[in-house]
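Just below is one structure, and these are the notes that go with it.
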Amino acid sequence: MPKTFFITTAIDYTNSPPHIGHAYEKVLADVIARYHRLKGDKVFFLTGADQHGQKVQQSAAKAGVPPNEFVKGITQKFVDLWKQLDVKYDEWAETTSERHKKVVQGILQRLFDAGQIYKDKQAGYYSVRQEQFLTDKERGADGQFGPEWGEIEFREEENYYFRLSQYKDWLLAYLSKRADAIIPDFRQIELRNAVDRLSGDLCISRPKSRLDWGIELPFDKEFVTYVWFDALTNYISFAGYDPKIDNYERQPQEFRDRWSKDTLQIIGKDILVPAHGIYWLIMLHAIGFPDAQMPQLLVHGWWNLGGAKMSKSAGNIIDPFVLIEKYSADALRYYLMSDIVTGQDADFSEERLIERYNSDLANNIGNLANRTLNMIGRYLPDRQLRRTEALFESQSPVAGLLHRLSQKEIARSVSYFKRDMDGFDISVANGMPINLTLYCNGVIEEAAPWNLSKQSGTESKTLLASVLYHIAETLRIIAILISPVLPKAAHGIFDQLNWKMELSGGEQRFSLADAEWGRLPDGHVVGKPVPLFPRIEGT
RNA sequence: GCCAGGGUAGCUCAGCGGUAGAGCAGGGGACUCAUAAGCCCUUGGUCGGGAGUUCAAUUCUCCCCCCUGGCACCA
């Protein structure tokens, strides 16, 4: 059953424009999605925008435009960013769409009919200014609610509740059954602890008098559903889920092809508990998903700034558009994928971005491509490669070094790359193509083609051709390995090498199956060098 | 307070029982095909602190300190 690889990200809240954290999550998902395409998997990558809710309603009112217009504007900024960042998704989720609304309402109606949703009365302190009920968490050091909440009043309000707590035992059982439900594993422990303490049901509605920018409850038009059943449902509503069918096995083929236990949902650490780890998994269970079809959650960390959290109020938001403009999409993608350990937090630093770009991309990959193509142009007639392995027979010290670029060693590098990518250790996997450039540079230094070219005799000519073939061939494999993170540069290398689709015989330009030594044919004519990564000078 | 994760070279991290490693940054050198890139050599650490187990601890155990996250609680 080679299913589609289904990958999702959190959908972004259209209350304010995107920052670097949004960019990181989507690039991470995009890189994993591209890696799967590289392996030949069919991929369904879903991302989108969360457009309902109180904060949107408030921000729209503040801006003096209707919510739907406000949402359109912000959503466009996200769409623009993904385009500029080469984030290539297969489906775009917008929670205001009709398609989504139908699924949400269908699910709610089904759960309501089954007695899983009930109406109850809530009483408590309510901030008129913030339009929300206050809990003890909001109390200040003196036990009182601070002035930031404005006028406080005691209120009673009726709402609908989902019987969350009755699923607690199921969730605990599921988590103990599946060790890799959450990645990294310490997050699973955290989640487990949180589930242990779970009590009470989940409020899923807001009276329209308080919030009307949302999806109406199908069984009570005085209410809209509040965040959970709206936002979380996107993961299935845009994947072909039929809300009328309560049995996973009878869901449309299209949906079942996509959704499985291997479905990878990428989220930030702030929304594991309780949103995804508790509410979402329980929701799926409640609407009929078997344990064998529970998705896997990949929880990433945050980019901090000088050790401090990035936040709008602190005024230390990093604007991804500015960085792309300044350094290019590939540069930003590379930095975001290489200077963080998946799951951990990292510190964002523009200096580090420049450092990594210059040393890894400009000085290693870019320069290697440049010098190789330049030497081929200078030293080989008509820019034509000659495939020969004669060097292995040679007594030359170059032979020893060249061994690292042999079929066997390349295969070993590719297998390390796969191992690390499969484990989501993107930054470690990035090290493989960089290592290959180091080997290439070592071989070039040892062989010194500029000296060989001055010598006459067939042996030095053969040696020269062999070295350049090996380097060109390794460069081609480097391009494949960097393609998930650096799609533009990978295309650039392929273009300059003149590597054509016909040569691979595959359907995609980049394929891991092509990352095998010796695919460049004898007599292959390469193109001319064009700098891939111009160095970033000064600051 | 409880549950996790972390504290190793200036920076980012690997190692996790046998007298400390990588990349980058810093210093020096030989070369020239190249984006003054690359290559070679090199400076630099009492592996957070203390105690214990062991022939031997960065690596295991215990205590403590600091950072990060989650949860809870008091005022």
Side-chain angles (χ1 to χ4, degrees), chain A residues 135-137 139-144 182 184-199 268-275 277-278 299-304 306-309 335 337-349 351-380 397-398 401 420 425 427-428 430-435 437-454 464 467-468 471-472 475 489 492 496 528-537:
Chain A
T135 67
D136 287 342
K137 268 187 196 168
R139 288 180 193 272
D142 55 357
Q144 300 300 307
I182 319 290
D185 49 5
F186 70 88
R187 293 286 173 205
Q188 182 150 347
I189 295 168
E190 244 169 54
L191 174 61
R192 221 201 132 69
N193 293 340
V195 179
D196 269 327
R197 283 185 294 265
L198 178 64
S199 66
K269 63 183 187 178
D270 53 326
I271 53 174
L272 173 65
V273 177
I278 299 179
V299 184
H300 68 250
W302 284 344
W303 286 94
N304 299 318
K309 240 179 245 179
Y335 176 68
M337 287 302 105
S338 60
D339 219 29
I340 191 168
V341 177
T342 308
Q344 307 283 115
D345 287 357
D347 217 50
F348 184 90
S349 145
E351 289 70 34
R352 284 283 297 169
L353 186 157
I354 294 170
E355 256 176 46
R356 300 216 58 141
Y357 175 94
N358 278 342
S359 69
D360 291 353
L361 303 186
N363 297 352
N364 278 321
I365 298 176
N367 184 240
L368 176 67
N370 202 247
R371 71 194 299 207
T372 302
L373 289 164
N374 193 65
M375 284 189 287
I376 291 172
R378 267 176 199 256
Y379 306 141
L380 296 183
V398 178
L401 267 174
D420 295 331
D425 293 325
S427 60
V428 182
N430 277 344
M432 288 326 302
I434 299 294
N435 275 344
T437 65
L438 299 182
Y439 294 159
C440 286
N441 280 325
V443 168
I444 292 172
E445 216 57 46
E446 185 65 36
W450 45 94
N451 289 336
L452 289 174
S453 73
K454 288 176 198 148
L464 179 61
V467 165
L468 292 177
I471 308 292
L475 204 51
Q496 292 182 39
K528 291 186 175 157
V530 182
L532 285 168
F533 302 107
R535 272 181 66 87
I536 301 167
E537 305 291 354

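Computed from a predicted structure; not experimentally measured. So that the names make sense, note that chain A is the first sequence line, chain B the second, and so on, each numbered from 1.
The P atoms of B:rC73 and B:rG17 are separated by 41 Å, rounded to the nearest whole Å. Taking atom C1' on both B:rA22 and B:rC62, the two are 33 Å apart, rounded to the nearest angstrom. With P as the reference atom, B:rC74 and B:rG18 are 49 Å apart, rounded to whole Å.
B:rU68 atom P lies 14 Å from atom CZ of A:R187, rounded to whole Å. In this entry the distance linking CZ of A:F348 with P of B:rU68 reads 21 Å, nearest Å. Atom P of nucleotide B:rG70 and atom CD1 of A:I182 are separated by 16 Å, given to the nearest angstrom. Computed from coordinates, the A:D345 CG to B:rU12 C1' distance equals 15 Å when rounded to whole Å. Rounded to whole Å, the distance from OH on A:Y357 to P on B:rU12 is 23 Å. Protein atom CE of A:M337 is 18 Å distant from nucleotide atom P of B:rU12, rounded to whole Å. We find that CD of A:E446 is positioned 17 Å from P of B:rC33, with the value rounded to whole Å. A straight line from CD of A:E445 to C1' of B:rC31 spans 7 Å, rounded to a whole angstrom.
B:rU46 is unpaired under the Watson-Crick or G-U wobble criterion, no partner having all donor-acceptor distances under 3.5 Å. The partner of B:rC60 is B:rG52, judged by Watson-Crick or G-U wobble contacts that both fall below 3.5 Å. Summarising the base pairing, B:rG21 is matched to B:rC13 through a Watson-Crick or G-U wobble pair whose two defining distances lie under 3.5 Å. The pairing partner recorded for B:rA4 is B:rU68, the criterion being a Watson-Crick or G-U wobble arrangement whose two distances lie under 3.5 angstrom. In this entry B:rC33 has no Watson-Crick or G-U wobble partner, no candidate having both defining distances under 3.5 Å.
Nearest nucleotide to the A:R378 side chain, out of B:rC33, B:rC71, B:rU35: B:rC33. With B:rC39, B:rC24, B:rG38 as the candidates, the nucleotide lying closest to the side chain of A:L438 is B:rC39. Considering only side-chain atoms of A:D339, the nucleotide from B:rU12, B:rU35, B:rG5 that sits closest is B:rU12. You'll find that the side chain of A:E355 is closest to B:rC24, out of B:rC24, B:rC11, B:rA37. When each of B:rG38, B:rC71, B:rU35 is scored by its nearest atom to the side-chain atoms of A:N441, the top-ranked nucleotide is B:rG38. Nearest nucleotide to the side chain of A:K269, out of B:rC33, B:rC13, B:rG69: B:rG69.
For the atom pair CD1 (A:I376) and NZ (A:K528), the distance works out to 13.5 Å, reported to the nearest 0.5 Å.
A:E190 comes within 4.0 angstrom of a nucleotide base, judged by non-hydrogen atoms across all strands. Residue A:F533 is classed as a base contact, given a heavy-atom separation below 4.0 Å to a base.
Within the 4.0 Å cut-off from OP1 or OP2 of B:rA37, at least one side-chain nitrogen or oxygen of A:R535 is found. Taking 4.0 angstrom as the limit, A:N193 places none of its side-chain polar atoms (N or O) nearer than this to OP1 or OP2 of B:rC71.
The aromatic rings of A:W303 and A:Y335 are tilted relative to each other, their planes meeting at an angle between 30° and 60°.
Using a 4.0 Å cut-off between a side-chain N of Lys or Arg and a carboxylate O of Asp or Glu, A:D345 and A:K269 qualify as a salt bridge.
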